[in-house]
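Report on one structure; see the data block that follows.
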Amino acid sequence: MIDMVVKMLILMGFVIGMGFSATTTHKERPKRVLLDTDVDIDDIFALLYLLKQNRSEIDLKAITINANLFTDPGHSINQIYDVLYMMDRDDIVVGVGGISPNGDIEPNVGGYLPIIEQETSTIGYCRYRQAIPIGQGGRLDTDTNYGLRKSFLPQGERRYVPLKQPTAQQVMKDTISSGPIILFIIGAQTNLALFLMSNPDLKKNIEHIFIMGGGVRSKNPTGCCPKHANTSSSCIPNQCGDRGNLFTAYTSNPYAEFNMFGDPFAAYQVLHSGIPITLVPLDATNTIPINKKVFLEFEKRQSTYEAKYCYLSLKIIHDTWFDDQFYKSYFMWDSFLSGIAVSIIQNGFKPNGENEFAEMEYINITVVTSNIPYGIKPDGSNPFFDNRVIPKFDLKKNGVHSGHCQTSIEDPFCIVHGGNEKGICQDGYTREENSSDAVLVLVAQKAKVNQNSSSPLNRQFFESFLSKLNEPSQSGRFNLASQFPYYREILYKPDFSKQKLGKPVIFDIDMSAGDFLTLIYLLKVPVEIINLKGILISGNGWANAGTIEVVYDILHMMGRDDIPIGLGAMTPLGVPSSSCNYVRAIPHGSGGLIDSDTLFGLARDLPKSPRRYSAENSALYGFIRNTSHPRFRQKLSNEIWESISSEIYTKGRKMTLLTNGPLTNLANIIKKYKKAKMLIQEVYVVGGHIFNNNTKEEGNIFSIPSNQYSEFNFYLDPMAAKIVLESKLSVTMIPLNARRKVSSFPHMLEKLQPWRYETPESKFTYNLISTMYVLQQNNGRKYHHVDMFLGEILGAAFLANDPSLKASAETKSVYVLADGNMSTDGQTLIGKQGEGKPVKILQNIDSGGYYKHFTGLLGSKKQSAVIGSFEEQKVQWSTPPYEIEII
């Protein structure tokens, strides 16, 4: 009886609180909407569906980006800006992260990490996010939309700008404080939870929250054995019947769904906020798979740019699906939320959530944030309680948050060893229960069948989704190609047939700002001295793997579309493929990954290369099938190594390698190719910090205070550094000690100023260096370290062997610590007698000569850029072509 009374009160509040009544006859104002998204591909579908709605009914005012789930913010924010530009909606404000304009982070406010990991910076562990693969099939593909984003979407004026980019918290505060608002949450709920905890007085302005996430009574339909398999079959079901969909972590947690698992504590806070909530869980989305007939109908209906973008995205996902069960395992997730929410709003928030697309039911649920038993002795898994006299946020000591919190997808606490038993952890589970901890929530249960039985679309929402996308009203203005009357893709390939080429060099990078400065320098060194043959990409350093597209753009600007790029390692040697044990030392926000991924906001100044990362693939390389355009597949680092080394060796020469990041790719080459020593002339390693017992000069791992004497490139993969230095290769180290001698922003800018406008590359370089310098001067707390990127150019300069550098080196025996101790890993020590291996170490350099050499070379007209910027490219695409396409 009590439950019935409570339910009736909530139903009454649902209607009255929304401001509707049966006698309302006046025209309602448009419903203001804020969308919080992690910018997965299905989120783009949801966004486009929202943008197609009649703005007199539903008006999308703001978008906030959830930065700790399926995409990386430096890439996702630019995709959002580009989609809005295509749809002529630059009026919609976009927020990301939680850093305030003065560069500080307020206590417990961030957004780059789940609340359980947040402290006072954006440095932290990937506790839940590690369930999402890093490279292909994971964040690399969502960051680039499988390679489609840069090839299809037009680029407008808006971009990420360091410390000027509106934060998620500020956008939420401004938008919600302006009046009644409805929230659509289609990622982890970190941003909203932080907002509610920080601004309880504004909660009254939130009329309703629609959430895609969780699994209440769901049964995962994927990973099942064939229905008619006999009991002796060798088939072992995987996720079949699970509540959740963590395809990478079901052996430890079969209960959670990705959006809820991304931040269980945040989800709990939102659920218990007292604001009316409608949940669209896996229960409903599992009933709306994209079957073959639906897929073919998508293909037929592409009459707008937004419809075409959605279809092309769906097509590449289909083509690259990990098995042959796409039509049974790809669902309308976040996009289905948008349809249900829109229909409920248009129907006036009827008491039982009546809508066009889904059957609804009120259910008492909660979100599990920790595992029983509660109030356990601290085990290092729960920062809310561990080592605290008073729990964080004043949580109850023996309450529902006080148990073991899942620490990783391989957490031993969660895994049942032996047999085929499921894991026991429930973090992120939207559990149905009738306890005092439960909240009555309107839950979507099942997608409604299409009322038109003759349609190939078997669900009603499919009809609405495709019809809306293809409506001419509020449609996209153009894509990248149609925006310009003379758009064409030109590849620039130089002719060096009459020149005697210098050292063949492979450049290995992790795509820090210093690596891009070094790349421009290498392309300016006369080819008679350095012949850059290829680039290897490390995805476990200062930039996320999707930043490979910036490398393509730099090469295009410099007229070197002939240089191949190989995608390499995503994680260090000897650690799980999901691990972030070392890269966690790099900030996610300002001064870290978001700045590297966008080149401090300047990457969008570069011309767009016709070459780009692509998820296209080929059965010839072991993939499950050929995609539509297998020739565009992204080559891997081993392929580039094999091709170049074979070519060079047949000519009687050997390779020189220059490494500017962690040494993972080179260590893998050494391990895999026993003849590597025969093929490699020498290796220049920009990395390491030689510990001096007299000066005790510290290293640069500013984010790990206990590790005073290591250097980032060695720390990010200490085992790889150890393997390379202990190999039989001829190694020259350019340690941090030497690089610091040429890391002065004022001196570099002073020498570069006269050359600033001489060439496009000198202008771009000046802008990048001056941007970092200004940020360091004005926001030292977050950008104190960025001058270290300037020193990364030194390895290439030493390799070029210009006499003005007056460089001197000394051979010493060194060794690297790599025993898994975060406080010492990566430290480079001088060996005593019999310890270590002899390595040539750069000691001294004439810094004045170095600055003069570097800046003069960039200002030279020789080997200069062939197309200087995206603005120049737009002019080119707006004028008739008079030259051949391949140069």
Heavy-atom pair with the smallest gap, counting every atom of Pro564 and Ile640: CB-CD1, 3.6 Å

Audit row: Asn78, Ile80, side-chain contact (heavy atoms from CB on, under 4.5 Å) steps and yes/no: CA-CA 5 Å; Asn78 284 331; Ile80 291 292; over 6 Å; no

Derivation and outcome, side-chain hydrogen bond (donor to acceptor under 3.5 Å, both in side chains), residues Tyr673 and Glu642: CA-CA 9 Å; Tyr673 303 98; Glu642 290 174 1; 2.4 Å; yes

Side-chain donor-acceptor pair present, Ser628, Asp319, cut-off under 3.5 Å: yes

Salt-bridge criterion met for Lys150 and Asp553 (N-O under 4.0 Å): yes

Donor-acceptor contact present, side-chain Gln239 to main-chain Asp242, <3.5 Å: no

Worked check of side-chain hydrogen bond (donor to acceptor under 3.5 Å, both in side chains) between Thr664 and Asp717: CA-CA 7 Å; Thr664 318; Asp717 193 340; 2.7 Å; yes

Gap separating the CE atom of Met511 from the CG atom of Asn660, nearest 0.5 angstrom: 12.5 Å

Ile565 side chain near Tyr613 side chain, heavy-atom distance below 4.5 Å: no

Aromatic plane relationship, Phe461 with Phe357 - under 30° parallel, 30 to 60° tilted, over 60° perpendicular: perpendicular

side-chain contact (heavy atoms from CB on, under 4.5 Å) evaluation trace for Ser579 with Gln130: CA-CA 7 Å; Ser579 172; Gln130 62 185 268; over 6 Å; no

Donor-acceptor under 3.5 Å (Thr142 side chain, Asp40 main chain): no

Check ion pair Arg129-Asp72 (N to O, under 4.0 angstrom): yes

Taking every non-hydrogen atom, the tightest pair across Thr627 and Thr320: CG2-CG2, 3.9 Å

Polar contact flag, side-chain donor to acceptor under 3.5 angstrom, Tyr128-Ser408: no

Residue pair Val583 / Leu716: nearest heavy atoms and the distance that separates them: CA-CD2, 3.8 Å

Plane angle bin for Phe632 and His629 - parallel if under 30°, tilted between 30 and 60°, otherwise perpendicular: tilted

Candidate pair Leu35 and Leu47, rule side-chain contact (heavy atoms from CB on, under 4.5 Å), full reasoning: CA-CA 8 Å; Leu35 175 69; Leu47 169 60; 3.9 Å; yes

Side-chain touch Tyr309/Leu153, heavy atoms, less than 4.5 angstrom: yes

Euclidean distance, Ser577 OG relative to Ile134 CD1, rounded to 0.5 Å: 7.5 Å

CG on Leu148 to NZ on Lys308, rounded to 0.5 Å: 10.5 Å

Arg301/Glu297 salt bridge by N-O under 4.0 Å criterion: yes

SG-SG under 2.5 Å, Cys580 vs Cys126: yes

Within the 6.0 Å centroid threshold, strictly below: Tyr49 and Phe336: no

Crowding at NZ, Lys315 (>12 non-hydrogen neighbours, <6.0 Å): yes

Pair Asn458-Asn450, side-chain donor/acceptor within less than 3.5 Å: no

Heavy-atom donor-acceptor pair, Asn145 side chain to Gly147 backbone, under 3.5 Å: no

Between CZ on residue Arg625 and CG on residue Asp323, distance to nearest 0.5 Å: 7.5 Å

Gln406 versus Ser252, side-chain donor and acceptor atoms under 3.5 Å: yes

Thr547 side chain vs Val550 backbone, donor-acceptor pair below 3.5 Å: no

4.5 Å side-chain heavy-atom contact, Tyr146 and Ser614: no

Full working for side-chain contact (heavy atoms from CB on, under 4.5 Å) between Phe623 and Ser618: CA-CA 6 Å; Phe623 195 63; Ser618 169; 5.9 Å; no

Ring centres under 6.0 angstrom apart (Phe295, His318): yes

Atom pair CG (Asp38) and CD (Gln189), whose distance is rounded to the nearest 0.5 Å: 11.5 Å

Test item: Glu306 side-chain N/O and Gly476 main-chain N/O as donor-acceptor pair under 3.5 Å: yes

Ser218 side chain vs Arg243 backbone, donor-acceptor pair below 3.5 Å: yes

Any side-chain heavy-atom pair of Val280 and Ile211 under 4.5 Å: no

Asn470 CG to Ser303 OG distance, which is reported to the nearest 0.5 Å: 3.5 Å

Stepwise side-chain hydrogen bond (donor to acceptor under 3.5 Å, both in side chains) test for Asp36 and Asn66: CA-CA 7 Å; Asp36 188 81; Asn66 166 228; 5.4 Å; no

Close side-chain approach of Met212 to Asn259, heavy-atom, < 4.5 Å: yes

Side-chain touch Phe465/Phe298, heavy atoms, less than 4.5 angstrom: yes

Donor-acceptor contact below 3.5 Å, side chain Thr248 vs main chain Ala131: yes

Donor-acceptor pair between Asp43 and Thr37 side chains, under 3.5 angstrom: yes

Lys/Arg cation over aromatic Phe70: Arg139, 6.0 Å, 45° cone: no

Test item: side-chain donor near acceptor, Asp82 and Gln155, under 3.5 Å: no

Residue pair Cys224, Cys240: steps toward the disulfide bond (SG atoms under 2.5 Å apart) verdict: CA-CA 5 Å; Cys224 299; Cys240 186; 2.0 Å; yes

From CA spacing to verdict: side-chain hydrogen bond (donor to acceptor under 3.5 Å, both in side chains), Asp42, Ser335: CA-CA 6 Å; Asp42 194 49; Ser335 49; 3.0 Å; yes

Side chain to side chain, Ile648 and Leu679, heavy atoms closer than 4.5 Å: no

Main-chain N/O of Phe331 paired to Thr285 side chain as donor or acceptor, under 3.5 Å: no

Within-4.5 Å side-chain heavy-atom neighbours: Leu314 and Phe326: yes

Salt-bridge criterion met for Glu489 and Lys608 (N-O under 4.0 Å): no

Asn253 (side chain) donor-acceptor with Asp427 (main chain) under 3.5 angstrom: yes

Side-chain (Asp411) to main-chain (Thr407) donor-acceptor, under 3.5 angstrom: yes

Exercise: identify the closest heavy-atom pair between Ser609 and Asp561: OG-OD1, 3.9 Å

Test: Arg633 and Glu639 ion pair at under 4.0 Å: yes

